[in-house]
Number of protein chains: 2
Amino acid sequence: MGEKGRPEVAGDEELHPLPGAGTGKVVCLACPARDSFLCSGFEDDELKHLAARATRFSLARGKTLILEGDPADNVYNIIEGDVVLSRIASDGRRQILGFLSKGDFIGLTLSEEYSFSAEALTEARLCRFDRRSLEELVERFPGVDRQIRRMGAATIDHLLDLVFALGRKTAEERVASFLHHQAHKQGCCLDPTKELRLAMTRADIADYLGLTLETVSRTISRFKRDGLIEMPSTNRILIKDLDGLTQRAEAETI
Amino acid sequence: MGEKGRPEVAGDEELHPLPGAGTGKVVCLACPARDSFLCSGFEDDELKHLAARATRFSLARGKTLILEGDPADNVYNIIEGDVVLSRIASDGRRQILGFLSKGDFIGLTLSEEYSFSAEALTEARLCRFDRRSLEELVERFPGVDRQIRRMGAATIDHLLDLVFALGRKTAEERVASFLHHQAHKQGCCLDPTKELRLAMTRADIADYLGLTLETVSRTISRFKRDGLIEMPSTNRILIKDLDGLTQRAEAETI
DNA sequence: CGATTCGTTGATCCCCATCAAATGGAGTGG
DNA sequence: CCACTCCATTTGATGGGGATCAACGAATCG
């Protein structure tokens, strides 16, 4: 660990392989991410084959899972927690490429090296597969491949939204869209009393939306002042006027 | 044609199916896009199966292939020409999501409806497959699926670059990156005498880079004034100083 | 040759970045 | 419980990069 000044990278001592194809319970059956894109490609009785190739491990908050430029040898499935993907320029400018959580998949790339870094935003648990193992699984279980294609398509759909936001939305629209998306993801749209919890800092949001943290903060303050939201604390948000928020997110695509 | 004010959409009279699995030469063998991601999933002797499910057609410059919101029933492979994908907000703001050309694939989405429009930038020829046919092909030919996954990954890699540019690069860096990328794509980096041809207008470039056409024009003019490029005509560019252009594209990711 | 579309250039404005400082909350130790 | 530190956040003041508004060339086409 620690060669060439890497940020704090997870130690492998935290790894422990899953109960495999032999005896033992198949831990995947009770996995919170059982319904994720990747794992839903398997029937229950096939899960032991998945488990045999997976290594489950946990990652402390702030630890780096992937450092941009690392050889792209593994893929990961998030079991629990939040992970952030980012790219940093040599002069420090950072762009966050996505906030990932339970069931999301990391590592879809054609490149030999990862073109992004991945870091735990909260304490997290993940499953690691090396590429070769994944390739074996795909050949043996046709459903998996379909799921991988679906994951890719979902990622593309999401990135297209982000591109539109970064290219053509104002700061206010970006922040409103972001809050709206997070609220939707956390089920706050259906239950107006449920409060939104933001695992990321204002700086993270800014780096995701192509803004500065000051602009994000000012915009959120304005939403509060205008009665669209309430904030019991800085990272807990209660949506008081979903319609109003949606309107400010506008730039509705036709 | 022309219901509910659609832009000029290609008429189906231009369609003509490919010689299929029966007798006849398999037109795919001599197709310029034979090596594209999709088609390289097939051995030569398997191509007739591909051809049987494909409909080749051409699309006049400016014609719309896909209108945002259309049911996502088909996928397309570009044989020849340039196609632009875009998304337009109700107030007219447009974001171009990609400039596609020979061998590129259109239609990777999870959604039931296309979330973007596609329009021919130049006279173009394409291959259409309905989703069901493609699904059949995937089941029968395992190589295809792998290719589709690779296409998805390539698209993601490309979109991540665009996200970084839109989120964190200055106008000058964006335009320099764009020219550099186009030059690379057209092989102008290896042969400095080869001139770059831009099929798109300044407005198109602007809508791709999240800028205005004036800013794009000014920036290109500055590059010319500084001796980085020469312009025999507005859409033909000769790169005089590739290093200089690369430097201005900077924001090199670590 | 008008008409139209595209590109260039100039003048001005404004949104958001930047710089700076105050506020607040969480943790720590006395 | 208070004093203190540390860091995230908020808020204010100012400036600049790129948008906007406007006018003028240049190329294409009927």
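Worth knowing before you read on, the calculation uses all heavy atoms, side chains too, and leaves out hydrogens, waters and symmetry mates. Numbered from 1 within each chain, the chains take letters A, B, ... in sequence-line order. The structure presented is a predicted model; accordingly, all values stated were derived computationally and were not measured.
Between A:L213 atom CG and D:dA8 atom C1' there is a gap of 9 Å when expressed in whole angstrom units. Residue B:M231 contributes atom CE, which lies 13 Å from atom P of D:dA26 at whole-angstrom precision. Atoms CG (A:L166) and P (C:dC15) sit 20 Å apart, rounded to a whole Å. Between A:D204 atom CG and D:dC7 atom C1' the separation is 14 Å, expressed in whole Å. Atom-to-atom, CZ of A:R225 to C1' of D:dT11 comes out at 10 Å; the value is rounded to the nearest Å. The distance from atom NZ of A:K224 to atom P of D:dT10 is 6 Å, rounded to the nearest whole Å. Taking atom CE of residue A:M200 and atom C1' of nucleotide D:dC7, one finds them 19 Å apart after rounding to whole Å. When the P atom of D:dA26 is taken as reference, atom CZ of B:R202 falls 15 Å away, rounded to whole Å.
Ring orientation note: the planes of B:H158 and B:Y208 are close to parallel, at an angle under 30° on the 30°/60° scale. Classified by interplanar angle (parallel below 30°, tilted 30° to 60°, perpendicular above 60°), the ring pair A:Y114/A:F116 is tilted.
When distances are taken from the side chain of A:E214 to each of C:dC6, D:dT9, C:dC19, the shortest belongs to C:dC19. Taking only side-chain atoms of B:T170, from C-beta outward, the nucleotide of C:dT8, D:dG18, D:dT10 with the closest atom is D:dG18. Listed nucleotides: C:dT9, C:dA17, D:dT10. Nearest to the side chain of B:S217: C:dT9.
Within the 4.0 Å cut-off from OP1 or OP2 of C:dG25, not a single side-chain nitrogen or oxygen of A:T234 is found. Listed pair A:T212 / C:dC16 fails the phosphate criterion, with no side-chain N or O lying under 4.0 Å from OP1 or OP2. Note on B:T215: every side-chain N or O is 4.0 Å or more away from OP1 and OP2 of D:dG18. Close to C:dT8, at under 4.0 Å from its OP1 or OP2, lies no side-chain N or O of B:R218.
Closest approach of B:G81 to B:T122, counting heavy atoms only: CA-OG1, 3.5 Å.
For the side chain to side chain contact (heavy atoms under 4.5 Å, CB included) criterion with A:F178, the lone passing option out of A:L211, A:I220, A:I205 is A:I205.
When the nearest nucleotides of DNA chain C are assigned to B:N235 and A:A171 by heavy-atom distance, the more 5′-ward of the two goes with B:N235.
No side-chain N or O of A:D157 forms a donor-acceptor pair with one of A:T155 less than 3.5 Å apart.
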